[in-house]
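For reference, the structure is listed below as structure tokens.
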Number of protein chains: 2
Amino acid sequence: MEITRKAPIGRPRGFDADEALERAMMVFWEQGYEGASLTDLTRAMGITRKSMYAAFGNKEELFRKALERYTEGPAAYAARALEKPSAREVATAFLAGSVSTTTRPGCPAGCLGVQGSLAAGDSGRAAQDALIAWRDDGRARLRHRFQQAVDEGDLPPGADPELLARYVMTVANGIAVQAVGGATHSELQQVADAALRNWPPV
Amino acid sequence: MEITRKAPIGRPRGFDADEALERAMMVFWEQGYEGASLTDLTRAMGITRKSMYAAFGNKEELFRKALERYTEGPAAYAARALEKPSAREVATAFLAGSVSTTTRPGCPAGCLGVQGSLAAGDSGRAAQDALIAWRDDGRARLRHRFQQAVDEGDLPPGADPELLARYVMTVANGIAVQAVGGATHSELQQVADAALRNWPPV
DNA sequence: AAACTTAGATACCGATCGGTGCAGAATGAA
DNA sequence: TTCATTCTGCACCGATCGGTATCTAAGTTT
């Protein structure tokens with residue numbers, strides 16, 4: 001029972017799947033799910049349609065994998081923020097990360113988790129639902145973290161973790177919208193600072 | 001030189017153009033520019049493609065007219081908010097209006113001015129630009145109003161109208177995103193309250 | 001070498017996209 | 001009535017959509 005599944009017989013893949021997924025993520029980030037055509041995607045990935053289907057399944061699965069990659073890459077600031085020692089630092093790091101990620105040079109403006117999740121035709125409904133679930137998940141993690149802060153006495157007993165999580169997420173979503181409209185890093189960081197000037201907002 | 005252009009000869013229009021535009025606005029509101037197909041639009045408007053083209057030009061012009069109608073209808077809260085006597089009331093009314101409009105029963109969730117303006121394929125770029133300009137215009141009006149408040153002594157001399165306008169707009173944009181994700185009126189009103197708990201956020 | 005799998009290129013599928021052309025009926029002004 | 005215009009309805013345009021088929025070439029296993 002040796003585990004010798006090193007190479008699965010046949011000609012090996014001639015492209016770097018991670019690299020290709022990264023490129024696809026950027027296209028989805030900029031154009032959204034419906035706005036990104038297979039022609040756009042495969043051209044950016046440097047592979048043919050057939051190779052894409054063989055490697056990733058179909059457009060929807062490619063999008064889901066791109067979203068995962070986005071979560072672990074550009075959006076990793078969220079997970080890092082949750083590990084900060086105080087609720088104030090969590091909120092501060094979360095918004096600062098959202099500002100940086102939505103205005104990073106060389107990357108599309110805005111947030112992949114927000115792009116294309118607002119309006120959708122029939123073909124984009126599944127992707128839209130996936131993104132709403134993605135944001136809900138992020139909000140739930142913030143809520144749990146703030147609940148923990150209340151339990152630890154870091155936040156006052158009257159603080160409402162649900163409200164605080166929604167508040168932080170709302171500001172972050174607004175920042176993503178502003179970024180697409182051309183707002184700069186420093187402009188949005190000022191907004192983030194203003195949003196947290198009295199924390200918690202009770 | 002009499003102005004007798006009452007009826008322009010020929011068979012008169014057999015449908016109410018305002019009513020049709022209202023229906024089109026709702027479709028764009030829900031599905032965005034690219035997500036709304038001509039089939040969706042004309043079915044909702046109750047007219048044929050030909051009639052739509054004769055009355056409104058093309059899809060893009062229809063969208064622009066729908067956006068105007070949105071501004072004067074569901075989004076009229078913005079203009080009303082600007083007339084409030086103090087900056088605090090302006091901000092409060094603006095956010096309350098955005099909460100109500102993005103969660104109004106019988107209307108699509110979210111804001112037409114934000115839907116479909118984040119991600120776009122090639123065919124939606126013009127509409128995307130129009131929406132970004134629309135939001136910029138709203139932000140400029142807020143900025144002027146807050147500048148006036150500073151001039152009048154309603155806001156402290158150190159207050160930054162630019163920042164305040166962007167802050168309010170950012171929260172409103174975030175509220176629109178949250179509404180599409182299913183947030184309720186009361187949840188979002190709590191967020192709006194939290195955002196304005198210390199005003200101005202200096 | 002045989003078996004197997006993938007790559008690249010190209011053409012194609014049915015469906016839908018935004019937008020038109022056409023036919024025939026309807027309506028009002030001249 | 002005559003003429004002009006718009007109505008409805010339907011078929012149609014070229015282009016693009018997501019996805020597939022088919023070919024040959026290439027590389028890695030057994």
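A, B, ... follow the sequence lines: proteins, then strands. Residue 1 opens every chain.
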Q. Residues in ring pair (Phe, Tyr, Trp, His ring centres under 6.0 Å) with B:Phe63, at least two apart?
A. B:Phe28, B:Tyr33
Q: With sequence neighbours left out, write down each residue that passes ring pair (Phe, Tyr, Trp, His ring centres under 6.0 Å) with B:Tyr77, or none if nothing qualifies.
A: B:Phe94
Q: Could you tell me whether B:Arg64 and B:Glu68 have a side-chain N and a carboxylate O separated by less than 4.0 Å?
A: no
Q) Can we say A:Glu162 and A:Arg139 salt-bridge, meaning some charged N sits less than 4.0 Å from an Asp/Glu carboxylate O? A) yes
Q. Measuring from A:Ser37:OG to A:Arg43:CZ, what's the distance to the nearest 0.5 Å?
A. 7.5 Å
Under 3.5 Å donor-acceptor pairs involving side-chain atoms of residues 188-202 of chain A, not counting sequence neighbours:
from     : atom 1 : to       : atom 2 : distance (Å)
A:Gln189 : NE2    : A:Asp193 : OD1    : 3.0
A:Arg197 : NH1    : B:Pro201 : O      : 2.6

Q: Using a 4.0 Å heavy-atom cut-off across all strands, classify A:Ser123 as base, sugar-phosphate, or nothing.
A: nothing
Show the atom names and distances, to 0.1 Å, of all donor-acceptor pairs under 3.5 Å that link a side chain in residues 98-108 of chain A to residues at least two apart or in another chain.
from     : atom 1 : to       : atom 2 : distance (Å)
A:Ser98  : OG     : A:Leu95  : O      : 3.4
A:Ser100 : OG     : A:Ala96  : O      : 3.2
A:Ser100 : OG     : A:His185 : NE2    : 3.3
A:Thr101 : OG1    : A:Pro74  : O      : 3.0
A:Thr101 : OG1    : A:Gly97  : O      : 3.0
A:Thr102 : OG1    : A:Ser98  : O      : 2.8
A:Thr102 : OG1    : A:Val99  : O      : 3.2
A:Thr103 : OG1    : A:Val99  : O      : 2.7

(Q) Does A:Arg49 qualify as a cation-pi partner of A:Tyr53, given the criterion of NZ or CZ under 6.0 Å from the six-membered ring centre and within 45 degrees of its axis? (A) no
Q.
Distance check needed: D:dC12 C1' versus B:Leu38 CG, whole Å only.
A. 15 Å
Q.
Please give me every residue in residues 19-36 of chain B whose heavy atoms get under 4.0 Å of an atom in DNA chain D, ordered by residue number.
A. none
Q) When you measure from every atom of DNA chain D, which of residues 41-65 of chain B have a heavy atom less than 4.0 Å away? A) B:Thr48, B:Lys50, B:Ser51, B:Ala54
